[in-house]
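For reference, the structure is listed below as structure tokens.
It should be emphasised that the depicted structure is a prediction, and the values quoted were computed from it without experimental measurement.
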Amino acid sequence: TRLRLSSGQTALMKTLPHAPAGFFEAEASGLRWLAEVDGGLPVPEVLGAASDCLVLAWVEQSSKTPPEAAAAFGQQLAATHAAGADGWGLDHDGFIGTLPLPNKTAGSWPEFYAVRRVLPYLKLARDRAAITDADAAAVEKVVGRFTELIPDEPPARLHGDLWNGNCLWGQDLAIHVIDPAAYGGHREVDLAMLHLFGLTHLPRAMAAYDEAHPLVEGWEDRLGIHQLFPLLVHACMFGGTYGARAGTVAARYA
């Protein structure tokens, strides 16, 4: 709901019937954490949060998608990632969509990615008959190779749900990000989701990112590893072909 506050400021109030406990508070916490980074991703200011709603500063959107804005976005994403995190995960759990997102810390990224991101949603997808046994077996096989496949890097400050729909092109010619599922993780997670669901002028954004915060060689070949998580989440939430896509992607690395 669009609001006009007594101060004259325009705001957005988000509500959700039967929202899980802590849903809006987790989103507010993630936005504030991302906003701490000087020169990082633009996020709407949190004006208020409660158990039943979230109030944010309004972002006036534009139909213009200039490549210069994508380049700036790449640099800002690099700055946000480089700001880092205290460890893998976060000191509280969150949400991905409306699904619970476990954030209990782990000793390494391969361990965290396996036990907090891939395997919980693989189990849920199987319980919901959203993935076949063969595709699930392919995912389980590649999980055992995470340590050798994923380069060792320090924890990055992740948006966590960085797909095109959560990137708003503003009239200020900046890309503002919304709806985070923020935590400390491997930076290739955000990049993998951007490539999975697309972004206008993405090559321009990636070139600017790589210039500001150079990526480890082979990152493009590894995108599928970190796309397993969003594919499984989508299989749990929407069914369809997402489970089969996760199996196909996993088979490339098994």
Side-chain angles (χ1 to χ4, degrees), residues 34 41 74 77-90 93-94 96 99 101-125 131 135-163 180-199 202 205-207 209-236 242-243 245-254:
L34 295 174
L41 292 169
L77 178 59
T80 296
H81 286 171
D86 292 334
W88 308 112
L90 204 60
D93 292 340
I96 184 77
L99 295 177
L101 184 72
N103 284 325
K104 184 178 179 181
T105 59
S108 70
W109 173 250
E111 178 189 358
F112 182 90
Y113 188 55
V115 303
R116 303 283 184 261
R117 292 296 177 264
V118 176
L119 294 178
Y121 301 97
L122 178 61
K123 180 182 184 304
L124 182 58
I131 191 169
D135 287 328
V139 174
E140 289 173 338
K141 188 174 181 180
V142 77
V143 166
R145 298 195 61 210
F146 283 167
T147 300
E148 61 181 285
L149 291 171
I150 303 172
D152 186 28
E153 290 198 343
R157 188 170 303 213
L158 299 186
H159 176 281
D161 194 8
L162 195 60
W163 70 289
Y183 62 96
H186 201 290
R187 58 184 174 143
E188 291 180 9
V189 170
D190 276 349
L191 307 183
M193 192 171 291
L194 277 174
H195 283 78
L196 180 62
F197 297 111
L199 179 76
L202 182 55
M206 289 308 308
Y209 181 103
D210 193 35
E211 183 179 355
H213 192 6
L215 289 154
V216 177
E217 184 178 356
W219 67 271
E220 290 175 292
D221 294 330
R222 291 188 299 271
L223 288 174
I225 298 170
H226 287 119
Q227 287 171 350
L228 290 174
F229 166 54
L231 286 171
L232 290 169
V233 167
H234 277 68
C236 294
Y242 288 110
R245 289 177 65 183
T248 299
V249 169
R252 302 206 311 256
Y253 301 95

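The minimum heavy-atom distance between Tyr121 and Pro102, with the atom names listed, is OH-CD, 3.5 Å. The heavy-atom pair separating Ala85 from Ala156 by the smallest distance is CB-O, 4.1 Å. Residue Tyr242 comes nearest to Leu231 through the heavy atom pair CB-O, 3.5 Å, listed as atom of the first residue, atom of the second, then distance. The two residues Asp135 and Ile131 come nearest to each other via the heavy atoms CB-CG1, 3.6 Å. Taking each heavy atom of Ala78 and Ala212 in turn, the nearest pair found is CB-CB, 3.9 Å. Nearest heavy-atom pair, Phe197 versus Pro230, reported as atom, atom and distance to 0.1 Å: CE1-CB, 4.4 Å.
Asp210 CG: more than 12 foreign heavy atoms inside a 6.0 Å radius. Open room surrounds CD on Glu211; 12 or fewer heavy atoms of other groups in view lie less than 6.0 Å from it. Counting heavy atoms of neighbouring residues, nucleotides and ligands inside a 6.0 Å radius, atom CD of Glu148 exceeds 12 of them.
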- Task: Starting from the C-alpha separation in whole Å, work towards a yes-or-no answer on side chain to side chain contact (heavy atoms under 4.5 Å, CB included) for Leu196 and Arg245.
- Result: CA-CA 11 Å; Leu196 180 62; Arg245 289 177 65 183; 3.5 Å; yes
Original post:
Yes or no on side chain to side chain contact (heavy atoms under 4.5 Å, CB included) for His226 and Ile150, after CA distance, side-chain angles and deciding distance?
Top reply: CA-CA 9 Å; His226 287 119; Ile150 303 172; 3.8 Å; yes
Determine whether Asp86 and Thr105 satisfy the following criterion, side chain to side chain contact (heavy atoms under 4.5 Å, CB included), listing intermediate values before the conclusion. CA-CA 10 Å; Asp86 292 334; Thr105 59; over 6 Å; no
| task | Determine, stepwise, if the pair Leu191 / Leu215 fulfils side chain to side chain contact (heavy atoms under 4.5 Å, CB included). | result | CA-CA 11 Å; Leu191 307 183; Leu215 289 154; 3.5 Å; yes
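No donor-acceptor pair closer than 3.5 Å links the side chain of Asp161 to the backbone N or O of Pro180. Using modelled atom types, one side-chain atom of Tyr113 and one backbone atom of Ile225 make a donor-acceptor pair closer than 3.5 Å.
Applying the side-chain hydrogen bond (donor to acceptor under 3.5 Å, both in side chains) test to every pair with at least one member in residues 149-158, sequence neighbours left out, gives these pairs: Glu36-Arg157, Glu153-Arg187.
Taking 4.5 Å as the limit, every side-chain heavy atom of Leu228 sits out of range of all side-chain heavy atoms of Val143. Contact of the Asp190 side chain with the Thr80 side chain is not registered, since no non-hydrogen atoms from C-beta on lie closer than 4.5 Å. Looking at Trp109 and Val189, their side chains come closer than 4.5 Å, going by heavy atoms from C-beta outward. Side-chain contact between Leu158 and Met193: absent, with no pair of heavy atoms (C-beta onward) separated by less than 4.5 Å. A 4.5 Å side-chain heavy-atom check between Leu149 and Arg222 finds every atom pair outside the cut-off.
If you run side chain to side chain contact (heavy atoms under 4.5 Å, CB included) between His195 and each of Glu188, Glu220, Met206, only Met206 comes through.
By the 6.0 Å and 45° rule, Arg117 stacks over the aromatic ring of Tyr183.
For Phe146 and His186, the distance between ring centers is not under 6.0 angstrom. Between His81 and His213, the distance separating the two ring centers is not shorter than 6.0 angstrom.
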Below 3.5 Å, can you tabulate the donor-acceptor pairs from side chains in residues 246-254 to any protein atom, sequence neighbours excluded?
| from | atom 1 | to | atom 2 | distance (Å) |
| --- | --- | --- | --- | --- |
| Thr248 | OG1 | Ala244 | O | 3.0 |
| Tyr253 | OH | Asp221 | O | 2.6 |
| Tyr253 | OH | Gly224 | N | 3.2 |

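Leu162 contributes atom CG, which lies 4.0 Å from atom CG of Leu194 (distance to the nearest 0.5 angstrom).
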